[in-house]
Amino acid sequence: MNVRRSAAALAAIGVLAAAAPATAAPSPKATVPAGLFGKGDPTYDGVWRQSLALLAQHTAGEKPADQAVTWLTGQQCADGGFASFRADTGKPCGGKGAQTDTNSTAAAVQALAALGGHDDVTGKAVTWLKAQQNKDGGWGYSPGGPSDTNSTSVVVGALAAAGEKPAGLRGKGKTPDEALASFAVPCDGKGGGALAFQPDKKGKLEANADATAAGVLGALGKGFVVEPGKARDKAPACASDGKATPARLADNASAYLIGAVSKSGHLMSAMPGAENQPDFGNTADTVVALAADGRPEQAKKPYAWLEKNAAKWAEQSGPAAYAQLILSAHAIGADPHEFGGTDLVRALDKLGPAPAKQAAAPEKKATEKSGNSVWWIIGVGLVAGIGVGFLFSGRKKNRP
């Protein structure tokens with residue numbers, strides 16, 4: 001779920017040079033519409049970043065603004081799919097218009113399914129996604145394109161979020177689990193346990209951290225939102241003996257990720273023409289992946305590194321980056337409002353339509369058996385005795 005996912009996917013179909021980063025200024029051809037999160041050119045990531053932003057707000061306990069949700073639902077094409085961005089929703093998709101893709105569609109499904117009340121939109125989108133499954137059981141970024149780990153995993157997460165059972169989906173031949181297994185690097189090879197984005201032209205599999213983190217979620221049938229859970233007993237190690245189950249694939253991938261972050265606490269990336277540098281997005285994805293596989297203890301080290309280093313990255317990168325960090329915090333049971341001195345939720349809220357105000361938690365009634373109630377009464381009495389005119393309220397306040 002790297003914030004550069006759209007660019008990575010576009011690279012796979014040969015148009016990376018045309019992609020603009022999330023922090024770029026709006027282009028003359030793509031005015032940023034009202035209701036959309038972020039101020040950068042939405043041409044390549046509008047639906048993606050909107051979906052993640054809405055999902056992160058919902059996960060943090062907020063109710064996204066109707067305007068923001070309506071913008072997302074309005075991006076759907078007539079065939080049920082979503083394009084990365086439709087500047088003019090009055091024009092049909094396809095042909096010379098906006099092109100539907102699996103990643104944007106799957107992200108939108110995950111967000112709208114979580115919010116609820118959009119069964120008509122998600123139903124059409126799910127039907128479209130199922131129709132795009134390849135014979136090898138996976139999905140490519142574009143309809144008919146070769147399958148890749150990232151696209152397959154995000155679609156699996158969307159189908160699961162919509163109440164489907166993707167593991168057994170065999171639209172044209174094999175299942176998604178079989179597709180993901182075909183991308184797994186053998187344990188005795190370089191980067192053993194990891195997943196490749198795609199095989200190269202010679203069929204060779206090269207370990208890819210972004211694909212590996214995504215593949216863990218895909219193998220486990222989970223989406224972007226992972227609920228914190230109990231830690232499993234043993235740390236994973238790449239193993240090839242026995243049956244190659246989805247659970248084994250996830251464990252092997254987790255073992256690779258744990259090893260990759262064991263020293264520095266973060267992953268590295270090398271963008272074209274640039275030196276190796278810390279990869280914030282993939283590190284956040286690793287936190288979520290390890291938590292999903294029952295490895296919250298191993299996820300704490302990369303999360304701690306993110307707390308110390310990722311706030312500036314999120315500020316520069318925009319809504320999708322803040323959403324990734326919020327979802328990583330949620331996955332290990334951390335508070336996204338207290339992320340190394342940054343309130344991630346408030347920072348995200350500032351980049352789009354303000355969420356609906358949440359109702360305050362009901363006031364707890366005092367009882368004679370409550371120690372808190374006794375001290376409450378004593379405190380009020382003392383304050384009244386010294387004439388201080390403060391009005392006390394037992395009602396808890398939610399964060400704005």
Side-chain angles (χ1 to χ4, degrees), residues 1-7 9-10 18-60 62-78 80-93 97-115 117-118 121-122 125 154 158 224 281 313-327 344-357:
M1 193 185 62
N2 189 282
V3 72
R4 293 185 298 277
R5 168 70 62 76
S6 57
L10 289 168
T23 54
S27 71
K29 296 182 180 180
T31 302
V32 179
L36 175 63
F37 275 78
K39 300 301 181 184
D41 184 348
T43 301
Y44 301 101
D45 76 334
V47 166
W48 180 266
R49 77 191 193 208
Q50 189 80 350
S51 299
L52 293 187
L54 298 181
L55 192 57
Q57 285 186 325
H58 175 75
T59 302
E62 294 187 326
K63 184 179 184 299
D66 290 342
Q67 181 186 26
V69 179
T70 299
W71 183 89
L72 180 58
T73 58
Q75 288 285 301
Q76 188 172 38
C77 299
F82 283 76
S84 57
F85 175 63
R86 296 176 66 192
D88 185 353
T89 55
K91 295 181 179 180
C93 300
Q99 303 297 312
T100 52
D101 69 80
T102 61
N103 286 229
S104 298
T105 304
V109 168
Q110 291 200 40
L112 295 173
L115 296 176
H118 303 282
V121 177
T122 57
V154 72
F224 297 150
W313 165 76
E315 181 181 354
Q316 294 174 342
S317 300
Y322 279 118
Q324 282 183 271
L325 296 178
I326 290 170
L327 295 177
L344 296 173
V345 180
R346 181 173 295 182
L348 174 61
D349 291 347
K350 290 180 179 179
L351 299 180
K357 292 184 178 180

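Please read these numbers as outputs of a predicted model, since none were measured by experiment.
- Between Pro319 and Leu348 there is a side-chain heavy-atom pair separated by less than 4.5 Å.
- Once rounded to the nearest 0.5 Å, the distance linking CZ of Arg86 with CG of Asp88 reads 8.0 Å.
- Across all non-hydrogen atoms, the minimal contact from Gly80 to Thr105 is O-CG2, 4.3 Å.
- Scanning both residues, Ser84 and Asp101, for their nearest heavy atoms gives N-OD2, 3.5 Å.
- Closest heavy-atom contact between Val345 and Ala60: CG2-CB, 3.7 Å.
- Summarising the geometry of Arg49 relative to Gly40, their closest heavy-atom pair is NH2-O, 2.9 Å, with the distance given to 0.1 Å.
- Rounding to the nearest 0.5 Å places NE2 of His118 at 7.5 Å from OG1 of Thr70.
- Ring geometry for Trp71 versus Phe85: interplanar angle under 30°, hence parallel rather than tilted (30 to 60°).
- To the nearest 0.5 Å, atom OG of residue Ser104 and atom CD of residue Gln76 are 12.5 Å apart.
- Scanning all heavy atoms of the two residues, the minimum distance from Phe224 to Val154 falls at CZ-CG2, 3.4 Å.
- In this structure, the side chains of Phe37 and Leu52 stay at 4.5 Å or more apart for every pair of heavy atoms.
- Note: His58 NE2 to Lys63 NZ = 11.0 Å, rounded to the nearest 0.5 Å.
- A donor-acceptor pair under 3.5 Å is absent between the side-chain atoms of Gln99 and the main chain of Ala83, judged by distance alone.
- Here CG of Leu55 is found 10.0 Å from CD1 of Ile326. Values are rounded to the nearest 0.5 Å.
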Check against side-chain contact (heavy atoms from CB on, under 4.5 Å), Trp313 and Gln324
CA-CA 11 Å; Trp313 165 76; Gln324 282 183 271; 3.8 Å; yes

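- Scanning both residues, Ser51 and Ala111, for their nearest heavy atoms gives O-CB, 3.4 Å.
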Could you walk me through whether Val109 and Phe82 satisfy the side-chain contact (heavy atoms from CB on, under 4.5 Å) test, starting with their C-alpha distance in whole Å, then the side-chain angles of each, then the deciding distance to 0.1 Å, before giving a yes or no?
CA-CA 10 Å; Val109 168; Phe82 283 76; 5.6 Å; no

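- The backbone N or O of Trp48 sits nowhere less than 3.5 Å from a side-chain atom of Asp45 that would complete a donor-acceptor pair.
- To the nearest 0.5 Å, atoms OG1 (Thr73) and CD (Gln50) are separated by 10.0 Å.
- Contact check for Val47 versus Asn103: no side-chain heavy atoms found under the 4.5 Å cut-off.
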